[in-house]
Every structure is written in structure tokens, then in C-alpha cells.
Amino acid sequence: WLWVRTWLSPRVSPPIFRNPEPKTPLLLDTVDGAVDHKGRPVLRSQSGRWRSASFIIGVEVAERCAYYGVESNLINYLTGPLGQSTVTAAENVNIWSGTASLLPLLGAFVADSYLGRYKTIIVASLIYILGLGLLTFSAMLPSMGIFNCQAVNKTTTCFDLQEILFFCSLYLVALAQGGHKPCVQAFGADQFDKEHPQERKARSSFFNWWYFTMCAGVLVIVTILNYIQDNLSWVLGFGIPCIAMVIALLVFSLGIRTYRFSFQGDEKRPFSRIGRVFVLAIRNWRTTPLAIATEEEACGILPHQSSEQFKFLNKALIAPDGSREGGRVCSVGDVEEAKAVLRLVPIWATGLIYAVVFSQPPTFFTKQGVTMDRKLLPGIYVPAASLQSFISLSTVLFIPIYDRIIVPISRALTGKPSGITMLQRIGTGMLLSAISMVIAALVEMKRLKTAQDYGLIDMPDVSIPLSIWWLIPQYVLAGIANVFTMVGLQEFFYDQVPNELRSVGLALYLSIFGVGSFLSSFLVSSIEQATGGVGRESWFANNLNHAHLDYFYALLAALSAIELSAFLYFSNYYIYKRSNTL
């Protein structure tokens, strides 16, 4: 009542409740370098953290379900309704998957240099919806009968139109994924302040639970979609992801008032700063190196170990003879950023074979399963593509074990907040990936022997009396390997790049799998030409009972062992960013 009388009376000032210790909570509780959607400083208690991250994770789950809903069963659509051979279909899947994984470099560049992550996510989501809509329409063409085709070439003409529209919409989905994927995860991690102790620990867990939620969603949705695509309708199987993306975009937009947006200030764009370092270092190639080690180390700016690596970039700290600047033209911070980017190259390169192995489940693993006994109950058969759900299932089950049991135990042993370093985590997954290829080769040998024992070598359409569940161990190991390597790579490339390039960092992580898909396609094509020919059937013969996928898996196991050795060598010399010694 006192407050009502006070505010209704124009002559009486409102009562003032004095705090014995005046504070300024607005200034003390704001997040440095972050603003809201209107460019105003944000309060820590009213923005970011898990509340905002939940909206972002939601749109990512829908996007991954849409992407894997197309990719997981794509080889069966290409060899089925589109009538392509196994080798051609596998190459098309690998090329599309590789393109989809490389396009994030373009999306990240646009986001970090021009649009920002939030706007890029909105635009990419709209392109996603368009691409999935056209993909659904292309699957409807054979049954619509709306084209005026002549009787002689009706099948060919209508089929060509369907194929053209299908591949155009498929690559439109890849373009959308290129803008969506690197920005969503970086935007989600931006909701946690790395300078705040509790939020920094939460950000480390964010990458684990991000992957957990994504895999849980993919596990349920993709299993259902694969069944719908194989048994009901491809139109419905492509249409559901389109509807999911529409709903996800609406949910993502609801959280705009809680998001933290990065504040860039008036500094030059990061690409310009880092590019300038390389340009000046090359221009000053013959210039006597500047003796900066003692001076900068004394100031605590340039660590000695860092100054010893990539010394040629230190020449960007001086101007060429006769220059009007007459001194340093790049800051030490700019040079350190350039070195940080350059240090990522060996780690990036040694992850490529892992990416080649990663591309096998949607292709040859799936075609393997088609030839095996898939009966679950009388009249009910397991779709071969649905076995990919065991990758997600093993991931979903193992992430809580890793985050709640393995990390605390290793943290007590090592004293590190994350338990083990990011590179140790990545290397562990690479080892498990190599073991999964050994198991895959052994299972394939057993499948071929069973086909030979039952006289089914020349009957590719007859199921081999070997249960499809024999493939589960290689799927499960692949899922556990992803918990270590994929999540480790995500955190590594987000954390180790300059702050303004975090979308690009995650795009670099994704590009590993893009280049890996192209390498897989190149490897398949090369082996096809080397082992096939007139009168011979290659390792990838259309009749898998005549093929030798066991040789291919053994080759990948050997390459994985070589890759792991190289990774361990480069990891031993890697220098983490000064702000993070994990």
C-alpha cells in the first residue's frame, strides 16, 4: 500500500531503500565480449549457459536428423529407384558427403566475416527447408504422371528429369549444411564464458552432451526414417525431415532474447590480420630475422617454445628495408594467431584416414548387411541401413560413462580439468577405429566363407544364412571411437583457433570428413580400376559374394595404424594456446 500511495502521488518521491554496501550488479555481472540481440551488454544471470544452449541443441538435433535421414539410406535410393551400380552409388555418396563437409569452410567464412553466426544459421535453415522440399518433390515424380512424355522415351525422359532434380536438391541440402553446421555448434559454445570457472567447465561438458543429444535424436529418428523409406514411401521418408526443419527453425527463433552474441569491436577482420602475417613473412623472406625472443619473453607475451616454432613468421614483425613504417607492422598477437592456425595443419592431416573409415557405414557396411539374414520376426526384416543406429546407440550409452566416470577418475590421476588432454582423447578414438576395421575384415571373411559353404556365391539375391547381428561389433566400436575422436576434434578445433575464427575452426574439423570422403571415393575408384578389368571382378563387384571387402577393410586397418603413428609424433610437439593447457 505504501508503494501504491507513493507512485500515485506526484509530490512525493518514492522511498529509497539504502544498501549498507552499495554495489553495481549490472557492471559486475556482465559478460565481457558478449552482447544481446540489440547490441547491449548482457547480464550473466539472464543470458547464455544451458538455457540458451538448449534452444541451439534443439535446432542441431533436427538438422542432424534431416541430414542423416537422407545420407544414411542414400546408397539404397541410388541403387534402387535411380538404378545405379554399387560402385557408382558409393562414389556419388562419398562425393556428396565430401562436398557437404567442405562447404562449411565457405559458411564459416561468411559467418565470421560478414553475417555473424545467428543470421547465417537462419539463412542456412531456410535453404535447408527449400532443398528438402525439392528432394521430396523429386521422389514424387514417378508417381505423378504429369509430364507429357512420348511413349517411346517416356521412361528415360521422366527418369532423367527426376535424377537432375534429385541431385540439384541434394546439393542444395549440402549447401545449407555448409552454413548451418559450423555456426550452430560455435554459437552454442559461445553461450559459456571461458573466463568464468564454472562456465568454462560447463563448456567442456557442452561438447559431450551436445554429441549425446544429437546422437540420441538421430538414433530414434533415423531408425524410423529408414524403415519408412524401405517399407512405406521415399516421399514420406524425405518429407518428414523437411517438416522437422521448419519446426526447429521456429524453436530456435524463440530463444533470441537469451542468446549471447560475440562483440567484435573495431578490430580488423581476423582473416585480414592472419593473412597479413603470411604476406609480410614471405615479403621479408630474405630479411635478417628480428631478435625478438628475449624482449618478448621478458614481457611475458611470446613463450619461448612458441617462438622456436615457425620462426619464418617472426619476420612479419618487421617492415622491409626502406619502408616508411620503419618498424614492426604486425603485433606479436597477430603472429601468434597465425602460428596457432599453422599448428593445426598436421593434426588436421593425420585425421584424414579416420574420416575415410568414418565414411564406410553408410556405404559398404550397409551393402554388406543387405546380403545377410535380416529376419527379426516372421515377416519382419531389419533394414540394413538401420544398423547405423548402433553407432548412435553406443555413443549415447558411452558419453555419460565418459563424462561421469572416466573424466573424474582421470582428473584425479592427472590433475587436469578435462581428465585427459584433447589430443590424447583424439588418439584413443583413432586406435579404436583401427580395431573396428580389423573386426570388419574378420566378419567379412566369415560372410564370404558362409556364402561359399552354402553354394550361394553366384546367387547375390539370396540372403546368406549369417545373421546381420554379426556386424554390430564394428558399428559399436565405431560409435565409441566417435566419442573420443569426433568430440575431441570438435573441442580441439573450437578451442585452439583465434577467438574470432571459431566457426572456421569447426569448419576445419568438418573439412577433415569432407576430404576423407573424397579420399574414400578416390581409393574406391583406384582399387576398382586396379583389381577389375576384362574377365576379372574387382574388390567391389556388384555381386558382393565375388567381391573382397575383407581386403579393403584390412587395407584401411593398416592405413589407420600408420595414421595413428604419425598423429602421436605430431602430438608430441604440439603447443597448446597459452590460455588453455589441456
Side-chain angles (χ1 to χ4, degrees), residues 52-74 76-77 93 96-97 100-101 103-104 107 117-140 165-166 168-185 187-188 209-256 259 362 383 385-386 388-389 391-393 395-396 510:
S52 298
S54 61
F55 289 102
I56 302 170
I57 290 175
V59 73
E60 173 65 4
V61 169
E63 187 273 334
R64 287 292 87 188
C65 289
Y67 178 81
Y68 285 116
V70 174
E71 190 250 11
S72 63
N73 214 15
L74 181 58
N76 285 334
Y77 186 81
V93 171
W96 175 76
S97 179
S101 297
L103 283 173
R117 289 163 195 158
Y118 178 80
K119 292 180 180 179
T120 304
I121 294 170
I122 295 295
V123 173
S125 297
L126 293 174
I127 298 176
Y128 233 125
I129 293 169
L130 175 62
L132 291 170
L134 291 176
L135 199 66
T136 305
F137 180 70
S138 71
M140 296 171 60
L165 182 58
F166 174 81
C168 287
S169 55
L170 192 65
Y171 278 89
L172 199 59
V173 169
L175 176 64
Q177 196 258 179
H180 200 281
K181 182 63 177 172
C183 298
V184 173
Q185 193 169 11
F187 191 55
W209 294 106
W210 168 279
Y211 202 66
F212 170 87
T213 309
M214 183 188 73
C215 290
V218 170
L219 170 64
V220 176
I221 300 298
V222 171
T223 302
I224 296 173
L225 286 178
N226 288 159
Y227 180 83
I228 292 173
Q229 291 166 351
D230 286 347
N231 298 281
L232 298 179
S233 168
W234 284 99
V235 175
L236 192 59
F238 290 147
I240 292 176
C242 182
I243 297 173
M245 280 303 301
V246 173
I247 297 173
L249 178 58
L250 296 176
V251 172
F252 176 71
S253 302
L254 293 176
I256 187 171
Y259 296 147
S386 67
Q388 295 175 58
S389 63
I391 297 178
S392 300
L393 179 62
T395 300
V396 167
L510 291 169

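For clarity, every value in this text was computed on a predicted model and none was experimentally measured.
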Pair Phe55 and Phe187, ring centroids less than 6.0 Å apart: no
Test log, rule side chain to side chain contact (heavy atoms under 4.5 Å, CB included), inputs Val123 and Ile127: CA-CA 6 Å; Val123 173; Ile127 298 176; 4.1 Å; yes
Side-chain heavy-atom pair Ser253, Ile122 within 4.5 angstrom cut-off: yes
Contacts of Glu63 that satisfy salt bridge (Lys or Arg N to Asp or Glu O under 4.0 Å) - sequence neighbours left out: none
Gap separating the CD1 atom of Ile129 from the CG atom of Leu249, nearest 0.5 angstrom: 5.0 Å
Leu103 side chain reached by Lys181 side chain, heavy atoms, under 4.5 Å: no
Side-chain (Thr136) to main-chain (Phe238) donor-acceptor, under 3.5 angstrom: yes
Met140 CE to Ser233 OG distance, which is reported to the nearest 0.5 Å: 9.0 Å
Side chain to side chain contact (heavy atoms under 4.5 Å, CB included) between Phe212 and Thr395, intermediate numbers included: CA-CA 7 Å; Phe212 170 87; Thr395 300; over 6 Å; no
Side chain to side chain contact (heavy atoms under 4.5 Å, CB included) against Leu74, all qualifying residues, sequence neighbours excluded: Leu78, Val93, Trp96, Phe166, Leu170
Check against side chain to side chain contact (heavy atoms under 4.5 Å, CB included), Val173 and Leu132: CA-CA 7 Å; Val173 169; Leu132 291 170; 4.1 Å; yes
Qualifying residue, where the test is side-chain contact (heavy atoms from CB on, under 4.5 Å) with Leu130 and the options are Leu172, Leu135, Leu175: Leu172
Between CG on residue Leu232 and CG on residue Leu225, distance to nearest 0.5 Å: 11.0 Å
Tyr171, OH: over 12 other non-hydrogen atoms inside 6.0 angstrom: yes
Derivation of the side chain to side chain contact (heavy atoms under 4.5 Å, CB included) call for Tyr118 and Ile256: CA-CA 9 Å; Tyr118 178 80; Ile256 187 171; 3.5 Å; yes
